[in-house]
Amino acid sequence: MKTCVLLFGVLLAGVVRAQHYANHQIPVTRSNGKPFAFPWVGGLNNPQFSAGDLNNDGVADLFVFDRTGNKVLTFVNTGSVGNVSYQYAPQYESNFPTMTDWALLEDYNCDNIPDIWCFTRGPVTDPGFGIQVYRGFFNANNMIYFENADSLLKYPVSGFEVNLFVSPIDIPAIVDVNNDGDKDILTFHIGGGFVTYFENLSQEAGQGCDTLRFVKKDDCWGDFFESGFRREDSLNVPCPFQKPSGDEPVANPRLHAGSTLLSWDNDGDGVKELVTGDISYTNLVYLHNCGSTADAHMCWQDTLFPSYDVSADVFVFPAAFLVDVDNDGLKDMLVAPNAAGGSENYRCVWYYRNQGNSITASFAFQTDTFFVGDMLDFGEGCYAVFFDANADGLADIVAGNRGYFRPDLFQIQLGQLAYLENTGTPQQPAFKLVTTDYAQISDLGVTSLPPTFGDLDGDGDADMLTGREDGTLLFFRNIAAPGAPAKFVFQAPNYANIDVGNFSTPQLVDVNRDGLLDLLIGEESGNLNYYQNSGTAAQPKFNLVTNFFGGVKVNLPGYTTGYSVPFLFDNNDGNGYQLLVGGERGTLMHYKNIDGNLTGNFTLVDSAYAGINVGYRSTVSGADVNGDGWVDLLVGNYRGGVTFYDSKFVGTPEVLEAQEIFVYPNPAKDRIFLRSNLPEAEVIFLDALGRLRKHTFVTTSTSELAVHDLPSGWYVVQLIHAAQQRVNKLLVVR
């Protein structure tokens, strides 16, 4: 019997004052004075692009899902006909469910609201690789939300329902193959390099396009084979599968590692062409369909698509997407690497403008840094810190990276530091990107370079330490004259013979408040190392006190890696030291109870500080750069970008006290009664993975809500004011 228990989450009474960080668009320009459009968005590595109206204004906006960190980014379309113009709109991102590997927007139920098709491993009760679909809808304030439509798409085999398999590595094509008005699916077969066609029977069942009912129509759609060992596909290949009546075909022994698919009708004859990308190569293959909707047949191919212009050469495993980015009514093509890690991490979005017509596309290459060139993106991994590099009294930014990808070497290389000069004022910072190879550190040929600054030789200026992928530290002495811009000279590797294992991330800070700079160092294993300075300001001597500082461990449960990045700071508000730690999960861990407790365990206040989540391997540093007395943050991520968070000391909105909300019965089976002092509110049910599972509205202070359609499990239930302020949370458990 299904049961669920409603428990209260964190409910605050009255107005609570707390430090809150808001993404703030501090202006950034290039050295030539041209502004970056999206400097603090956080970079891109393996983006997937879809068009969809996010604000119900009838204009298609841009949805970006980056496989690196499974990060959602949303942009509102502000362009005109023939003009590419978008505004970053992070307010929509939190309305998307938690997703992994790939996600596309396609309207399946013909309501002109984008729906989500994404990879799933299936619910706990019914696991299996495949596709999950979320139905999109707008609330009264034209904010888009999504609710589960199907947690694992299936099709019938011998009287049983089996999952419609899609590998997490692949990207399928969601397209109306037979032109009947509903969305079908093209995906590579589980056993080999043939494409399987799954037909949606929604229309045939007389249900319009509002349901998701699939049957396997063809195991070898298009009569071609992609081997993974050749840049081109093999045409006119007989289908090798045995097809006993009603049974699943025998798997092809030639296993296929990974492919991406894009499909559309490119000559107006009603049949769909195909563009494929293979995990082993950098090229796209265009396959022309000379068959029919009932029997597709690929008759010729362009193996360097588009060979009539600049061929896509995306290292490695290219994926192509169709989006009308310039608002001219023709879908343009965007191409990005689909391999997370080991692929191009800066020149990673190729934009081809469609200069053809409504029947036939003609793609003209425009740039290989679409969107990326308008972001602060430093390749792979970003470790940004504030530092007054030019000695003018304003905090500049120095950002280290893990490195830029070198296709000629097939590996990450060229670990560098970028320097952004603060050209603003003490109250209104503004930055200019001066160089991406500050101090010519790329000459050292090392990777993973998180910097930290402090006077290590007692001469009154700040020297530089950087971490390194091998766990040691590099020391750079500042030899500049007093009051002159910093000039760093590399002194020695393996500074102070410190080695924390892998991916050392240092912070120079006076931990024990004795007037000497100590060292906190994060590492791959997720713990923090505390080295106390027992020497002098001119001759520091660092001794390991503990490699488990504060009991901090930022690893996700079951993970051996954490990639911890410490930032110990004091807001001078009487509360002493606070500790933020970035790491693999992409959030910031927030600790207190530090002063006077350096050998004890700190108090974990929040595992997702201020709601910040940058996707994967967050880094953190900060300083007061706008003169308000509060520490502003730089939060980096593994996509190579950085986000500026401007600290605001504000009051949180008043929320309901626990005794003002009643939920019964508890436990519940089919329905609950919700009573509160909110006569009108939006109610959203999120499951334990943060996925939206149910949405409704209440218009009276006491409402009856059905829960029979929710699978047994834990849920967060949110009541939301019409003004879009979430006022409380309830937890539903089995």
Side-chain angles (χ1 to χ4, degrees), residues 42-43 45 68 341 345-346 376-387 389 396-406 409 411-420 433-454 456 462-478 486-496 498-509 519-524 528-529 531 561 563-567 582-584 614 616-622 634-642:
N45 274 5
T68 296
N345 52 37
Y346 180 71
L376 291 175
D377 188 319
F378 306 113
E380 185 166 296
C382 179
Y383 311 86
V385 300
F386 291 112
F387 168 62
D396 309 304
I397 295 174
V398 175
N401 68 354
R402 183 176 177 231
Y404 292 96
F405 189 78
R406 287 278 301 273
L409 299 177
Q411 64 179 348
I412 296 293
Q413 192 61 277
L414 298 177
Q416 298 177 194
L417 299 178
Y419 165 45
L420 292 92
L433 178 60
V434 177
T435 179
T436 57
D437 196 13
Y438 183 61
Q440 291 78 52
I441 202 170
S442 65
D443 293 342
L444 298 178
V446 298
T447 56
S448 190
L449 293 166
T452 185
F453 298 89
L456 294 174
D463 305 298
M464 179 172 66
L465 292 178
T466 74
R468 191 175 173 184
E469 195 154 333
D470 67 1
T472 63
L473 303 177
L474 303 176
F475 174 45
F476 298 79
R477 188 184 304 276
N478 187 352
K487 183 177 182 181
F488 293 109
V489 175
F490 178 58
Q491 294 293 294
N494 198 20
Y495 177 73
I498 292 172
D499 187 345
V500 298
N502 289 304
F503 289 92
S504 51
T505 54
Q507 182 194 7
L508 284 165
V509 58
L519 266 172
L520 289 181
I521 308 176
E523 58 166 292
E524 182 182 36
L528 297 182
N529 303 269
Y531 287 83
T561 56
Y563 297 97
S564 52
V565 180
F567 176 53
E584 191 164 26
V614 295
Y616 179 59
R617 286 176 67 169
S618 55
T619 69
V620 59
S621 186
L634 292 173
V635 181
N637 67 74
Y638 205 60
R639 302 189 313 279
V642 59

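- The aromatic rings of Phe453 and Phe387 lie parallel to each other, with less than 30° between the two planes, well short of the 60° mark.
- Considering OH of Tyr419 and CG of Leu433, their distance stands at 10.5 Å, rounded to 0.5 Å.
- At least one side-chain heavy atom of Met464 sits less than 4.5 Å from a side-chain heavy atom of Leu417.
- Side-chain atoms of Val446 and Thr466, non-hydrogen and from C-beta on, never get closer than 4.5 Å to each other.
- Distance CZ/Arg639 to OG1/Thr68: 8.0 Å, rounded to 0.5 Å.
- In this structure, OH on Tyr346 lies 12.0 Å from CG on Asn45, to the nearest 0.5 angstrom.
- The structure places CG of Leu456 at 7.5 Å from CG of Leu519, a figure rounded to the nearest 0.5 Å.
- Between Leu449 and Tyr383, the closest side-chain pair of non-hydrogen atoms is not below 4.5 Å.
- Of the possible polar contacts, none joining the Asn345 side chain to the Gly640 backbone as a donor-acceptor pair under 3.5 Å is found.
- Smallest separation of non-hydrogen atoms from Leu473 and Ser504: CD2-OG, 4.0 Å.
- Closest approach of Asn401 and Gln416 over heavy atoms only: OD1-N, 2.8 Å.
- Contact annotation: the side chain of Thr619 never approaches that of Thr505 to less than 4.5 Å [non-hydrogen atoms, C-beta and beyond].
- Judged purely by atom type and a 3.5 angstrom limit, Asn478 has no side-chain atom pairing as donor or acceptor with the backbone of Ala486.
- Between Gly522 and Val500, the shortest heavy-atom contact is O-CG2, 4.1 Å.
- Contact annotation: the side chain of Phe567 never approaches that of Val385 to less than 4.5 Å [non-hydrogen atoms, C-beta and beyond].
- For the atom pair CZ of Arg468 and CD1 of Ile498, the computed distance is 14.5 Å after rounding to the nearest 0.5 Å.
- Contact record, Ala418 with Tyr438: C-CB, 4.4 Å, taken as the closest heavy-atom pair.
- No donor-acceptor distance shorter than 3.5 angstrom exists from the side chain of Ser442 to the backbone of Gly415, with no hydrogens or angles considered.
- For Ala384 against Ile397, the heavy-atom pair with the smallest separation is CB-CG2, 4.2 Å.
- Remark: the Glu380 side chain and the Tyr404 side chain contain no N/O donor-acceptor pair separated by less than 3.5 Å.
- The two residues Pro450 and Pro506 come nearest to each other via the heavy atoms O-CD, 3.7 Å.
- Just one of Asn529, Thr561, Asn502 meets the side-chain hydrogen bond (donor to acceptor under 3.5 Å, both in side chains) condition when paired with Glu523; it is Asn529.
- With rounding to the nearest 0.5 angstrom, the OG1 atom of Thr436 is 10.0 Å from the CG atom of Leu420.
- Taking the six-membered ring where the residue is Trp, the centroids of Tyr495 and Phe475 are separated by under 6.0 Å.
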